[in-house]
*Asks:* 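Next up is a structure, given as structure tokens.
None of the values given here were measured: they were computed from a predicted structure.
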Amino acid sequence: MESPPGSARSSPEAEVGMRVEDLWDLQEPQLTPTEKLNSCFCTIPVSSFPPAPSSQVVEIPSDSTLADVVETLSKNRILSAPVRNVEASDDASWIDRYIGVVEFAGIAVWLLHQLEVVARETTTDSAAKKEVGADELAAKLGTVTLENKEAKMEGATFADEEAKHVVKSTPSEAASMGGSFLEALTSSECYKNTKVRDIAGSFRWAPFLALQSSDSFLTMLLLLSKYRMKSLPVVDLGEGKIENIITQSAVLHMLAECVGLHWFEDWGTKKLFELGLPIMKPNRLIKVSEDEPILNAFQQMRRRGIGGVPVVDANRNKAIGSISIRDVQYLLTASEIYKDYRLITVKDFMMTVREHLENQKDSAAPISMITCRREETAKEIILRLDAAKQQRIYVVNEEEELEGVITLRDIISRLVHEPHGYFGDFFDGVFPLPENSRV
């Protein structure tokens, strides 16, 4: 899976790699590879990072509806986008110009809350022998709301807010959320009229956190790994506008373009188990059965704060697929394909989405799953993930049984480490620090 000779020397990402190479050769020989990389990345400003495609540098006006946001994210095939405050003045600073980053995960969680409340009410109605039609479902959806929070929540994350509003549905309630529910949801006034600013508490972080062009690669890599940021806008202080967005996927692609460079080979040829990967123990891996209702899977991701889960066969041992929180878009943008389902299982969902994409002649490859063994190298899985444009790879044994998962964040976290006191007051008033932080 090596890149063709010379191909990794002409790309913008490879140019960054060559810059690291020059700095690598100047490092003290007694330093460990990670210490050398820390020193190299601390020297390079994020202004050197290759610009993202124009389709990925998207801003969402704060008065956009949820339906509009889902359409925009889906069309541009991005997981998140910064939300621009339409009420900010033209001369506002970047801090006042943006109110947060909206993610598919945030919208999905908010909508799942709506569905769960209505499912509980509908289950009660069914028990009372009362017929509930699509029109009534839509009406019920219009009455379910979360308590709105100020757009700029000081030091609060979505997990804090969600804990106050969790509605745990039973298996029968989740199963009742079939095609009619999805059709009612996507046609409801709730979905069409709710503004993105109204669910500000569902943003991953609040308020808006961005990098300045003078910040270092080390800062960027730590935020994308230890501090769990999926993407980082880079702001031009002079203009007060976003000039680039750096994602975990973009960093992985940069690493893939550095194959063959001394610094990368020194680190990348280590086996996964030598790097402490996978981080998660097998008994903590969350998985769903192909026979479960699809909304159960999204609820699992919602409540546990994870971006994807493997799908296993009825015996719950062999992996047969994978779904991510991003795949909720296919419940929202193509709800008509489920209208004949009384119960949408995970298996139904995967099969129907594949057929839908084939009919649309869409080259996207959701639901697919890539696997590896613990004995493979970091370089091998980086190249595989980059080629497949996937966010995670699952570790299996010789019997193809699941042993763990490795995410892009896990890989980046093994590239650098956080020096003691590195961030200083960088996070003051922005968001809570992760557990065991040394800042």
Side-chain angles (χ1 to χ4, degrees), residues 16 19-20 23-24 26-28 30-49 80 82-83 92-101 103 150-160 200 203-248 250-251 254 263 267 276 279 305 408-439:
V16 174
R19 190 166 175 180
V20 177
L23 293 168
W24 175 273
L26 300 177
Q27 302 304 309
E28 297 293 333
Q30 69 270 22
L31 296 178
T32 66
T34 301
E35 289 172 335
K36 289 182 180 181
L37 287 176
N38 256 41
S39 180
C40 295
F41 288 129
C42 193
T43 306
I44 303 174
V46 294
S47 58
S48 301
F49 198 91
S80 61
V83 179
S93 67
W94 67 267
I95 295 177
D96 296 319
R97 191 183 298 271
Y98 300 98
I99 66 172
V101 175
E103 294 185 328
E150 291 297 323
K152 294 188 177 182
M153 299 164 55
E154 293 298 327
T157 66
F158 167 70
D160 301 323
F203 296 161
R204 187 176 182 86
W205 301 115
F208 183 69
L209 174 67
L211 292 172
Q212 300 176 23
S213 57
S214 59
D215 285 325
S216 72
F217 264 53
L218 179 58
T219 297
M220 175 260 291
L221 294 172
L222 289 172
L223 290 174
L224 289 174
S225 56
K226 180 176 180 180
Y227 292 89
R228 299 177 178 270
M229 301 299 291
K230 298 284 188 182
S231 62
L232 290 168
V234 181
V235 174
D236 181 335
L237 290 182
E239 295 290 328
K241 296 181 180 179
I242 294 172
E243 61 181 16
N244 196 9
I245 292 181
I246 303 174
T247 65
Q248 293 176 344
V251 170
M254 181 197 76
W263 68 267
W267 173 82
I279 296 174
L408 304 190
R409 181 175 69 86
D410 295 335
I411 295 170
I412 298 171
S413 73
R414 292 302 185 256
L415 192 65
V416 293
H417 70 275
E418 180 183 347
H420 179 69
Y422 177 76
F423 279 103
D425 59 1
F426 183 89
F427 296 118
D428 285 359
V430 178
F431 54 78
L433 299 177
E435 295 181 7
N436 303 320
S437 172
R438 295 178 296 164
V439 176

*Asks:* Could you tell me which residues satisfy side-chain contact (heavy atoms from CB on, under 4.5 Å) with Thr247, sequence neighbours excluded, listed by chain and number?
*Replies:*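 Partners of Thr247 by the side-chain contact (heavy atoms from CB on, under 4.5 Å) criterion, ordered by chain and then number, come out as Ser231, Ile245, Ser249, Ala250.
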*Asks:* Take Arg414 and Ile279 through the side chain to side chain contact (heavy atoms under 4.5 Å, CB included) test and state the conclusion after the steps.
*Replies:* CA-CA 10 Å; Arg414 292 302 185 256; Ile279 296 174; 3.4 Å; yes
*Asks:* Among all residues two or more places apart in sequence or in another chain, which pass the side-chain hydrogen bond (donor to acceptor under 3.5 Å, both in side chains) test with Asn244?
*Replies:* none
*Asks:* Evaluate side chain to side chain contact (heavy atoms under 4.5 Å, CB included) for Asp236 paired with Lys241, printing each intermediate quantity in order.
*Replies:* CA-CA 6 Å; Asp236 181 335; Lys241 296 181 180 179; 5.6 Å; no
*Asks:* Under a 3.5 Å cutoff, is there a donor and acceptor pairing between the side chains of Tyr227 and Thr219?
*Replies:* no
*Asks:* Kindly determine whether Ser216 and Tyr422 satisfy side-chain hydrogen bond (donor to acceptor under 3.5 Å, both in side chains), including the steps that lead there.
*Replies:* CA-CA 12 Å; Ser216 72; Tyr422 177 76; 3.0 Å; yes
*Asks:* Could I get the full list of side-chain hydrogen bond (donor to acceptor under 3.5 Å, both in side chains) partners for Trp263, not counting sequence neighbours?
*Replies:* none
*Asks:* State plainly whether the residues Glu418 and Lys226 are in salt-bridge range, i.e. N to O under 4.0 Å.
*Replies:* yes
*Asks:* State, with a plain yes or no, whether a side-chain heavy atom of Leu223 is found less than 4.5 Å away from one of Met229.
*Replies:*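 The answer is yes; the side chains approach within 4.5 Å.
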*Asks:* For a 4.5 angstrom cut-off between non-hydrogen side-chain atoms, does Ile246 reach Val234?
*Replies:*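 In contact.
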*Asks:* Under the side-chain contact (heavy atoms from CB on, under 4.5 Å) rule, collect the residues that match up with Gln30, sequence neighbours excluded.
*Replies:* Glu28
*Asks:* Between CZ of Arg409 and CZ of Arg228, what distance do you get to the nearest 0.5 Å?
*Replies:* 3.5 Å
*Asks:* Could you go step by step and tell me if Met220 and Leu232 meet the side chain to side chain contact (heavy atoms under 4.5 Å, CB included) rule?
*Replies:* CA-CA 8 Å; Met220 175 260 291; Leu232 290 168; 4.0 Å; yes
*Asks:* Holding to side-chain contact (heavy atoms from CB on, under 4.5 Å), I want the full list of residues that pass it with Thr43, two or more places apart in sequence or in another chain.
*Replies:* Leu23
*Asks:* Do the side chains of Val16 and Phe49 get nearer than 4.5 Å, heavy atoms only?
*Replies:*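 Result no, sub-4.5 Å side-chain heavy-atom pair not found.
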*Asks:* Is the backbone N or O of Val235 less than 3.5 Å from a side-chain atom of Gln212, with the two atoms forming a donor-acceptor pair by type?
*Replies:*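 Side chain of Gln212 to backbone of Val235, a donor-acceptor pair under 3.5 Å: no, none is there.
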*Asks:* Compare all side-chain heavy atoms of Ile242 with those of Pro82 and state whether any distance is below 4.5 angstrom.
*Replies:*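 The answer is yes; the side chains approach within 4.5 Å.
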*Asks:* Out of Val416, Ile44, Val251, which one pairs with Phe217 under the side-chain contact (heavy atoms from CB on, under 4.5 Å) rule?
*Replies:*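 By the side-chain contact (heavy atoms from CB on, under 4.5 Å) criterion, Phe217 pairs with just one of Val416, Ile44, Val251: Ile44.
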*Asks:* Quick one: do Leu415 and Ile411 satisfy side chain to side chain contact (heavy atoms under 4.5 Å, CB included)? Show the steps, please.
*Replies:* CA-CA 7 Å; Leu415 192 65; Ile411 295 170; over 6 Å; no
*Asks:* Could you list the donor-acceptor pairs under 3.5 angstrom formed by side chains in residues 33-41, with sequence neighbours left out?
*Replies:*
from  : atom 1 : to     : atom 2 : distance (Å)
Glu35 : OE1    : Thr32  : N      : 2.9
Glu35 : OE1    : Thr32  : OG1    : 3.3
Asn38 : OD1    : His417 : N      : 3.0
Asn38 : ND2    : His417 : O      : 2.7
Ser39 : OG     : Gln27  : OE1    : 2.9

*Asks:* Quick one: list whatever passes side-chain hydrogen bond (donor to acceptor under 3.5 Å, both in side chains) with Ser48, sequence neighbours left out.
*Replies:*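 side-chain hydrogen bond (donor to acceptor under 3.5 Å, both in side chains) check on Ser48 returns Arg19.
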